[in-house]
> 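Okay, handing you the structure first.
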Amino acid sequence: MRIFLAIFILHLTTCWAGDAQPEVFSWKALEWTDVETTGTVGGYPFYSASGNHPSGVAYHAKSGAMIVTIPRRQPGIPATIGAFCVKDWKKGSSPKAFPIPSAELNVLKEGFFSEAKEMTSAESVSRKTRDVKGEKPIVSVSTPIIDSKCNRLWFLDTGVIFYPDQIIVVHRPSLWVVQLPEKSCSKDAFKVIKRIEFSEDQVGDIAGLADLALDFAKNGTCDDVHVYIPDSIGRQIIVHDYRAEKTWTFNEHYSFDPVIRESAILAGDHQYVIEEGINSITLGWRDSLGYRAAYYIPLSGTGQFATSTQVLKDESRAQTNFHPEDFRLIGYRGQQLQANRHAFDPKNGVIFYADAQEQSIRCWNVRRPLTPDHIGVTNFNATDVEGLDLSIDSRGQLWILANRPLKFRVSGMDTKEVNARLFRVSVDEAIQGTACEDSSALTEGFKESERNVYEDTEDFIH
């Protein structure tokens, strides 16, 4: 009987971890509502299914709004950022998205292409700026960030159309803040709160802006926040003081650079060489002085680095007035473990990594030394994927987007097959039984309030 039970339990564990993944939605190609999908712009079609699959997602658990983004790296993308209300779609379906904050702010104009029509070289750059009713348009967004505390959406617009055969700089890179619905998901709830444009001495025309981290002041208001932005191409950290409306940068430190010998990434049957530096920042617990560890990684590299937000908030230390040891190496995750993005789970003190080529989500308990032996593989396995992205919502649910971001950079997708899958698993289930599950080490040194951050709100997924 004991042998039978052991085999039965092993069978259940294997099925959950390998076969029965918690898939919520999937897409062959993302379809849009409330946008123009016929005709052409700049010689390219308004809509091409092969270029439309979600590259980034973020879930607002309070309202049930799922934000999706598609950076304009392929022609035929009618909107770069949109949303859908999950209550309107059954699990296993392929939801259609509506553009946010509006279709008009997302649409490409013929004028963007007019001066670059004959340019076919990837080095060709043209600048055209157009306003939409006094507002500049949203050109290309990679990663949405949800602020559940204040019901706000944050994202970065590179301002660049980055097609394989043509690069067009439409306007300066910018940071956007958009209102989210507080309770019920509605198309009309997404209003622009603020747009912050970066100057030329802060960010170059071609910048690697995707991820960002929000550092709210303890007991502060929704406007008392510092924003930390990694620039993978400019190889720097951009800091924006939202209340003071000031921006400064930290650069010229080796940890911001790509590691050339680790720039080859194998995804599926293809090998890509990507030389991009710091690409993701996530914040740890608040210490007794109110500061946090700011963990960061390069895309081309396997090292984990960190600094203190005390350093980042000090404008006098920027751009290169910092001490080299202010930015330090914590350790290496292991060979070929480059990551697209990482996120900190305050409940368990665990950082999750979206592997760029291993088709898995890995993890590290920050209370343990960072060595390959302490890097765990979560209870998530997906097949037939060539890239992952992740985020953690306010309910403690880990959202995993399995897609093909590297292939998307160089070619379109075969719309006869599924190109993007969205999974959901709780942070507790993800690390259960792994090297990251170490609750005994998590109680000392940090207040319980720093760990007890997840909310018990309505689950709109059905």
> Taking the six-membered ring of Y454 (Phe, Tyr or Trp), confirm whether the NZ or CZ of K347 is under 6.0 Å from its centre and within 45° of its axis.
no
> Is the closest basic N to carboxylate O distance between R424 and D393 below 4.0 Å?
no
> In Å and rounded to the nearest 0.5 Å, what is the CG to CD1 distance from N151 to I146?
9.5 Å
> Suppose the criterion is disulfide (SG to SG under 2.5 Å): which pairs have a residue in residues 292-373, not counting sequence neighbours?
C363-C436
> Applying side chain to side chain contact (heavy atoms under 4.5 Å, CB included), can you list everything that pairs with A217, at least two apart in sequence or on another chain?
D224
> If we ignore angles and hydrogens, is there a donor and acceptor under 3.5 Å between the side chains of T307 and Y296?
no
> Quick check against the 3.5 Å criterion: does T80 have a side-chain atom that pairs as donor or acceptor with the backbone of I70?
yes
> Answer yes or no: is there a donor N or O on one side and an acceptor on the other, between the side chain of H171 and the main chain of P137, under 3.5 Å?
yes
> Below 4.0 angstrom, N of the basic side chain to O of the carboxylate: do R341 and D389 qualify?
yes
> If the condition is side-chain hydrogen bond (donor to acceptor under 3.5 Å, both in side chains), which residues does D314 pass it with, not counting sequence neighbours?
S316, R317
> Which ring-ring contact (aromatic ring centres under 6.0 Å, His included) pairs, counting each pair once, include a residue from residues 324-352, with sequence neighbours left out?
F250-F327, H253-F327, F256-F327, W285-F344, F322-F327, H342-Y353
> Would you say the side-chain atoms of N348 and D428 include a donor-acceptor pair closer than 3.5 Å?
yes
> For the atom pair CD1 (I238) and OH (Y228), what is the distance rounded to the nearest 0.5 Å?
14.0 Å
> Given side chain to side chain donor-acceptor pair (under 3.5 Å), test R286 with T309 step by step and report yes or no.
CA-CA 10 Å; R286 195 188 306 272; T309 57; over 6 Å; no
> So, D157 and R72, do they make that salt bridge, N to O below 4.0 Å?
no
> By side chain to side chain contact (heavy atoms under 4.5 Å, CB included), which residues pair with I330, not counting sequence neighbours?
Y295, Q304, A306, W364, L370
> Going through the distances and angles, do R172 and E200 end up as a side chain to side chain contact (heavy atoms under 4.5 Å, CB included)?
CA-CA 8 Å; R172 301 286 311 144; E200 292 186 18; 3.7 Å; yes
> Check this for me: E182, atom CD, are more than 12 non-hydrogen atoms of other residues, nucleotides or ligands nearer than 6.0 Å?
no
> Salt bridge or not for D223 and K194, using N-O below 4.0 Å?
no
> Check the surroundings of atom CG in D456: do more than 12 heavy atoms from other residues, nucleotides or ligands lie under 6.0 Å from it?
no
> For the residue pair D355 / S360, report whether a side-chain donor-acceptor contact shorter than 3.5 Å exists.
yes
> I need the full list of disulfide (SG to SG under 2.5 Å) pairs touching residues 310-352, with sequence neighbours left out, sorted by first then second residue.
none
> Got R421 and S26 here, is their nearest side-chain heavy-atom distance under 4.5 Å?
yes
